[in-house]
Structure formats: structure tokens, C-alpha cells
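A quick write-up on the structure given underneath.
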Amino acid sequence: MEKLQYDIIVIGGGHAGCEAAAAAARLGSKTLLLTMDMTKLANMSCNPAVGGVAKGQIVREIDALGGEMGRITDLTAIQFRMLNRSKGAAMWSPRAQCDKTRFSEEWRHTLENIHNLYIWQDAAVDLVYEEITPDDAHADQTLRVCGVRTRMGVEFACRRVILTAGTFLDGVMHCGAAHAEGGRAGDSASHGITASLEKVGFVSGRMKTGTPARLDARTINFDILEPQPGDEHPAKFSFSSETEPVRDQMPCYLVYTSKEVHDTLRTGFSLSPLFNGTIRGIGPRYCPSIEDKLRTFADKDQHQLFLEPEGRSTNEYYLNGFSSSLPWEVQWEALHKIKGLENLHIYRPGYAIEYDYFPPTQLHHSLETRLVSGLYFAGQINGTTGYEEAAAQGLMAAINAHLSLRDEEPLVLKRDEAYIGVLIDDLVTKGVDEPYRMFTSRAEYRILLRQDNADARLTPIGYRIGLIPQSRYDEFLSKNTKVEALVEFARKESVRMEQVNDYLVKQGSDPLTQGRKLHDILMRNNVTIETIREVLPRLERFITQHAMNREEIEESEIQIKYRGYIEREKFIAEKLHRLENIRIPENFDYTAMQALTIEARQKLTRHRPTTIGQASRIPGVSPADVNVLLIKFGR
């Protein structure tokens, strides 16, 4: 049936699937989003927050490219904080608490009103393939995906499939000795897709993640807890003027475990599916369960936890840092021994979940699979963890699926262009041995990849491919013009000693001994444009005349203060681009190169890098091996 034919089918309505479906349809592809429950689109299955260290940078990049996560976060935020303000600008990371019900509702409203996007509530159980003829452009692949079968017996035809199955593939939930099939609490698992992929040669594995108990606010003594408010002057995620910073922020609260709490938790260790061998999936090292923390940090008598509201119209709270799969009775008893939670009622105990994933070394950098043409993987199916990492992959998979339909080159972001580029390059070239989470330390060019300049890096790309509308691009150009003008003004503006010396002393900075350019004064640690403008009328007039907002002023200041570091990192990045530009033939026989180490031959044969730059980042490929490849292909 013609009505059941689509350009792109997206399987899964989580954060990766929603970004993928929205982008594919907005780019012009007839798109079907296949989800098991339309009431849980982009559901916040774990904590009710978006962003955080490095993750916040990813969300700003998604927004800069034309994705939706940042905009919807702004619309549904109940608290905003810029983390790491005490550190350098490269470490600043935005994070927002969201009203999780409104977040999902806003996503549904967005998706239902995108032209070219259709939604079908059902579960995918099988993929349909067709053989590729020898003269096809994808001659290295023998199969092409051409359809999807559902649990209700419907078969949809398509030209591309983006698989974003999250934790649902053969998912099993564990709470003590009890276990049940499911993709998350209240939702059934997805069966059939793993078998369909393994049948054509894909390799799968098992991973594990977990979530804490949900608490009833009516039974928490907030009066004795330490509040953690949002920023006094909150920023926002989206670069667009369509959204505003959050108002009437709700506080989070700090709570602490104790030796008594730990002793109670340890009574359940023998029944922990994590410790007794029931759970075989690999868990996230950087987001451990509370029982993992007690085992790893056995000498600590206290751990900090965060009580986070799940919305404005609910009493449900999330206890960040207390993820657990211990028996519910042990969780119950331990929670009641936490100060402030003595009379606690819980809505649901914590649990762990095991699910299938597919090692991402089976992908190209476009996120298209190496084995099957037209099939893309995005999100936790690739071994990642986190809403933000999933959404970024969904967006990139959709962009590249659409571009491939038009026979255009895929969009592959470089490591010095975006955290998204670091994320995908790490997955494809290094693979994963635990659930992958983004950190600033993973990015070697993090001074270039700041949250404040994500639009400067990526909005021209989003505009070129068609995700950024003209009005939004005009806003971007206007901001850039203002920032450049203020930086130039600071470079030329002379400041006399008597104008600023009192101010400098108050800021804890040495007074001037002679007049200096404003640019040089702003290089000092304790000097900011927002505070010095009060004593420099010409600067105040410039900012007022150009109608500059807080974000534009801050971006100008960062460019001034970090110019030397930025230029140095750009120089290093440009130098290393040489390796990224030296290509390796796709079917090159590494086994014949005896000058390579045995490990390098094995790793290069398995990963099939397309450039020497990619080869250099594969674990087991030494600098000496890279030199051998340079002699072969680069000189």
C-alpha cells in the first residue's frame, strides 16, 4: 500500500528517536515514528534533568544544529544552573531540572505538528532486507533494509531505518531476587529485533543501567534539609529568542547517607542481582548504584545525594545518587535511616535493567551500519548512556539518512568542531567496554568546544543543511556582529588610571600605573564586563546602543580572556587535521603490512578506519604504527 511507504522509519520514541524523527521530517523526508506508547515520547525514564558536565555542551550543540532538545528543555524547566562557574569557561556546563510530564507532552505536541511526520503506536519485531545487486553503489554491502514488521502484523516499506531502541531490546528488570521482562517500569520489552539483526551477522552484547526509588514529597521533612537553589540569573539552553529563562525556580535538596544507612544496605548484598551473578550486563562506571559505591569506596561513611523534584504539579521526587537493585525491603529500611526521610513513603523502589546493545564499531561515522545499507543505529543501542548522548546521535543519524537519500556526502563532525563529533568518533573508532558517558576530559579541544560558542561552530552547518530557518540564522548573524564589535571596541578603547583604579582595588586586582587598553584590563581574572561597565560610561553607552544581552556580553568577554588559548588550540587542531585528510582505501589488506604490529593489524582489520587520524585513535595502534601508515599513504 502506498500509504505504508516512507522515506525514513524511526523505531523508538525516546530521546534519540524523537530528535531523529523531527529532523528527518523537517529536512523533507516522509518519516514514520514507530513507538510502543505515544504518551511517553521522550520520557525521562531516569532523572528529570537535562544537561550537566559535557552533556550541557551537547544539548547546546543539538540546538545550534537545529534540534529540539534545548528548546523543549527551556519550555519545561523548573530550575537552571550553570555548573563549574568557578572554573574556566571551557568547563561551564548548563543543567536544567525539568517538569518531566510537561517535557514529554511538549515533545508530543512538537512531533504531531511537524509536516511530513507520521506516528504509529506499535512494536517493531523484525526488519525487512533486500539483496543489493553487484552494480549498486554499496557494493561492499550485500543487504539493504527496506521495511519494518510490527507486532500487530503491519509491514511498512521504507528506504532508510533509524533504530533507537533504548533499553527495550530483550529488556529485563531486577529488584533483589525478583525480575521481570520490561524496557522500564510499566512498559514491556521489545523482542525480535535483536534476532533479526544477529541473523544477518550483527554482534550484540548486554548492558545494564539502574534507577533509584521515587519518593513522596508529603513524607519528607524538607525543613531540616539543605536547599540547592537555581542560579540567581538563570541562562537557558536554546540560542533562539523564542524561549526565555526559567522563572519561579524550584529548589533541589542535599541529603546524605550515613554509616547506619550503609550497614543496612550491606545486609542485602547477598541478594543483590548485581553481586550474585544474576546480572551479567556491563554497568556504567561513572553512574554507579549505591551498592557499587559501598563496595568501591568501602572506607567512606557518607555519600552525598540530591533530592530533585519531578515537576510542578506532582509530589514525586527523584533521589539522585541512590540507584539500586537491592531487594525493595532493604531499600525501604535504608531510606528511612536518612536524615529527613524518617517518615518516608516511596512510590516505587529502585531497580536495574539489562538490555541488548550492538558494539558501535559496526558503524560508519555517519551512524549507518557497515553490514546493512540504509540502516542506522542511534542512542543506547550503541552502548551510550544519557538523554543528551542519545539525542545527539538521533539528530546526526537523521541528517545522514536524509542526505543519503539525496546521494549527498554524510555530515561527519570533527573532534575540534563539536562534542557530538567526539562522541561519535569515540564510539566508532574505540568501541565501548561500558556504557559511554560524555565528559569534558574526552575532548582534547575543549577550549574550542565551549557551551557559549556552540552556535558559532554549528549554526552555519544547520542552516546549510536546512534545519536552521532564515529568521534564526539572521539572529545568529546579528549576535556575531555585536560580539565582534564589542571585542574590537575593547581592543581600541583606552582607559585612564583614575577611571578604574578604585574599581580594580575593590576587585582585588592591582591598580594601573599608566593608562591601558580596555582589552588588557579585561584579561585580569577578577574583572568582568558586567562590573567594569559601571565605571566606564563609554562602555555602558556602547552596550546600550547595541542592545546587547547578557549572553552576547559574556561571549565577548570569553573571546577576550581566552584568545591566546583559543588560538593555540586552533593551531594544534589544524596541524592534526593532516592525519584526518589522509584517507585509507576501504578494503585495504592490513595483514600484508608486516611493518605493523600484530595487534595493530588485528585492530585495523576489525575497525576499518577511513583515515589515518581515525586509525591513530584506535586502542592498540601505536605511534610507530601510525608512522608506518603515513609512509604507506601520506608521503
Side-chain angles (χ1 to χ4, degrees), residues 44 46-56 78-87 91-98 209-217 219-231 249-266 268-269 272 274 283-310 316-326 330-344 346 349-350 352 385-386 435 437-441:
M44 290 181 152
C46 204
N47 66 319
V50 169
V53 176
K55 293 169 173 282
I78 57 177
Q79 189 197 88
F80 185 95
R81 294 182 69 212
M82 186 67 75
L83 307 183
N84 291 332
R85 272 283 192 182
S86 61
K87 300 180 181 179
M91 303 297 289
W92 296 358
S93 301
R95 185 181 189 271
Q97 295 292 135
C98 292
T209 189
T211 191
R214 302 305 197 271
L215 316 184
D216 185 343
T219 59
I220 299 172
N221 185 0
F222 290 103
D223 292 337
I224 62 173
L225 300 183
E226 180 184 344
Q228 188 183 51
D231 289 346
Q249 298 186 72
M250 295 183 68
C252 296
Y253 295 86
L254 299 179
V255 295
Y256 300 88
T257 62
S258 64
K259 186 177 185 303
E260 188 181 15
V261 173
H262 295 179
D263 290 341
T264 302
L265 290 168
R266 288 190 179 98
F269 276 16
S272 167
L274 192 63
R285 178 164 38 125
Y286 299 105
C287 190
S289 63
I290 189 66
E291 51 264 42
D292 253 338
K293 289 180 187 177
L294 298 192
R295 185 175 61 175
T296 306
F297 306 104
D299 58 323
K300 294 193 70 172
D301 290 333
Q302 178 178 281
H303 289 286
Q304 187 181 69
L305 308 173
F306 299 87
L307 263 177
E308 302 175 344
E310 299 231 335
E316 189 174 2
Y317 268 70
Y318 178 93
L319 188 56
N320 197 338
F322 205 84
S323 172
S324 180
S325 59
L326 289 169
V330 176
Q331 295 183 47
W332 176 281
E333 187 178 351
L335 286 166
H336 281 79
K337 293 180 178 178
I338 295 175
K339 184 181 177 181
L341 308 185
E342 293 87 353
N343 299 309
L344 182 69
I346 66 175
T385 179
R437 180 180 181 180
M438 179 54 73
F439 292 100
T440 51
S441 58

Over all heavy atoms of both residues, which pair between Cys46 and Thr211 is shortest? Give the atoms and the distance, please.
SG-OG1, 3.8 Å

Those residues that, when tested against Glu226, pass salt bridge (charged side-chain N to carboxylate O under 4.0 Å, His left out) (two or more places apart)
none

Residue list, side-chain contact (heavy atoms from CB on, under 4.5 Å) with Gln302, at least two apart or on another chain:
Tyr256

Separation between CG of Asp292 and OG of Ser272, rounded to the nearest 0.5 Å:
8.0 Å

What heavy-atom pair brings Pro288 and Ser323 nearest, and what distance separates the two atoms?
O-CB, 4.5 Å

Among all residues two or more places apart in sequence or in another chain, which pass the salt bridge (charged side-chain N to carboxylate O under 4.0 Å, His left out) test with Lys259?
Asp263

For Glu260, is there any backbone N or O sitting under 3.5 Å from a side-chain donor or acceptor partner on Thr264?
yes

Can you list everything that forms a side chain to side chain donor-acceptor pair (under 3.5 Å) with Glu291? Sequence neighbours excluded, please.
Ser324, Ser325

Distance check, rounded to the nearest 0.5 Å: Glu342 atom CD versus Thr219 atom OG1?
10.5 Å

With sequence neighbours excluded, residues passing side-chain contact (heavy atoms from CB on, under 4.5 Å) with Asn343:
none

Which heavy atom in Ile346 sits nearest to a heavy atom in Leu344, and how many Å separate them?
CG2-CD2, 3.6 Å

Report the C-alpha separation of Leu305 and Ile338 in whole Å, then their side-chain angles, then the decisive distance to 0.1 Å, and conclude whether the side chain to side chain contact (heavy atoms under 4.5 Å, CB included) test is met.
CA-CA 10 Å; Leu305 308 173; Ile338 295 175; 4.0 Å; yes

Nearest-0.5 Å distance, CD1 of residue Ile220 to OH of residue Tyr253:
9.5 Å

With Arg95 via salt bridge (charged side-chain N to carboxylate O under 4.0 Å, His left out) - residues at least two apart
Glu308

Shortest non-hydrogen contact from Leu307 toward Phe222:
CD1-CE2, 4.3 Å

Sorted by chain and number, sequence neighbours left out, side-chain contact (heavy atoms from CB on, under 4.5 Å) with Thr385 holds for Pro435, Arg437

Heavy atoms of His336 and Trp332 approach each other most closely as ND1-O, 2.7 Å

Please identify each residue that fulfils side chain to side chain donor-acceptor pair (under 3.5 Å) with Asp216, with sequence neighbours left out.
Arg218, Tyr347

Check this for me: Phe297, atom CZ, are more than 12 non-hydrogen atoms of other residues, nucleotides or ligands nearer than 6.0 Å?
no

Looking at OG of Ser93 and CE of Met438, how far apart are the two atoms once the value is rounded to the nearest 0.5 Å?
11.5 Å

Side-chain heavy-atom pair Gln97, Met250 within 4.5 angstrom cut-off:
no

Using the test ring-ring contact (aromatic ring centres under 6.0 Å, His included), find all partners of Phe80 that sit at least two apart in sequence or belong to another chain.
Phe237

side-chain contact (heavy atoms from CB on, under 4.5 Å) partners of Thr440, counting only residues at least two apart:
Val53, Ala54, Gln57, Met91, Tyr419, Arg446

Residue of the set Cys252, Pro48, Pro251 for which side-chain contact (heavy atoms from CB on, under 4.5 Å) holds with Pro309:
Cys252

Go through the steps for Phe269 and Leu294 under the test side chain to side chain contact (heavy atoms under 4.5 Å, CB included), then give the verdict.
CA-CA 10 Å; Phe269 276 16; Leu294 298 192; 4.0 Å; yes

Tyr318: ring-ring contact (aromatic ring centres under 6.0 Å, His included) partners, not counting sequence neighbours:
none

Inter-residue atom distance Glu310.CD - Tyr317.OH, 0.5 Å rounding:
10.0 Å

Specify the closest pair of heavy atoms between Cys98 and Val50, including all atoms of both residues, with the distance to one decimal.
SG-CG2, 4.2 Å

Name the residue from His303, Lys337, His262 that meets the side chain to side chain donor-acceptor pair (under 3.5 Å) definition with Thr257.
His262

Gln331 side chain vs Phe322 backbone, donor-acceptor pair below 3.5 Å
no

Just verifying a value: how many Å separate Asp231 CG and Gln249 CD, rounded to the nearest 0.5 Å?
7.0 Å

Run the salt bridge (charged side-chain N to carboxylate O under 4.0 Å, His left out) test against Lys293 and tell me which residues pass, sequence neighbours left out.
none

Test side chain to side chain contact (heavy atoms under 4.5 Å, CB included) on Leu225 and Leu254; report intermediate values, then the result.
CA-CA 6 Å; Leu225 300 183; Leu254 299 179; over 6 Å; no

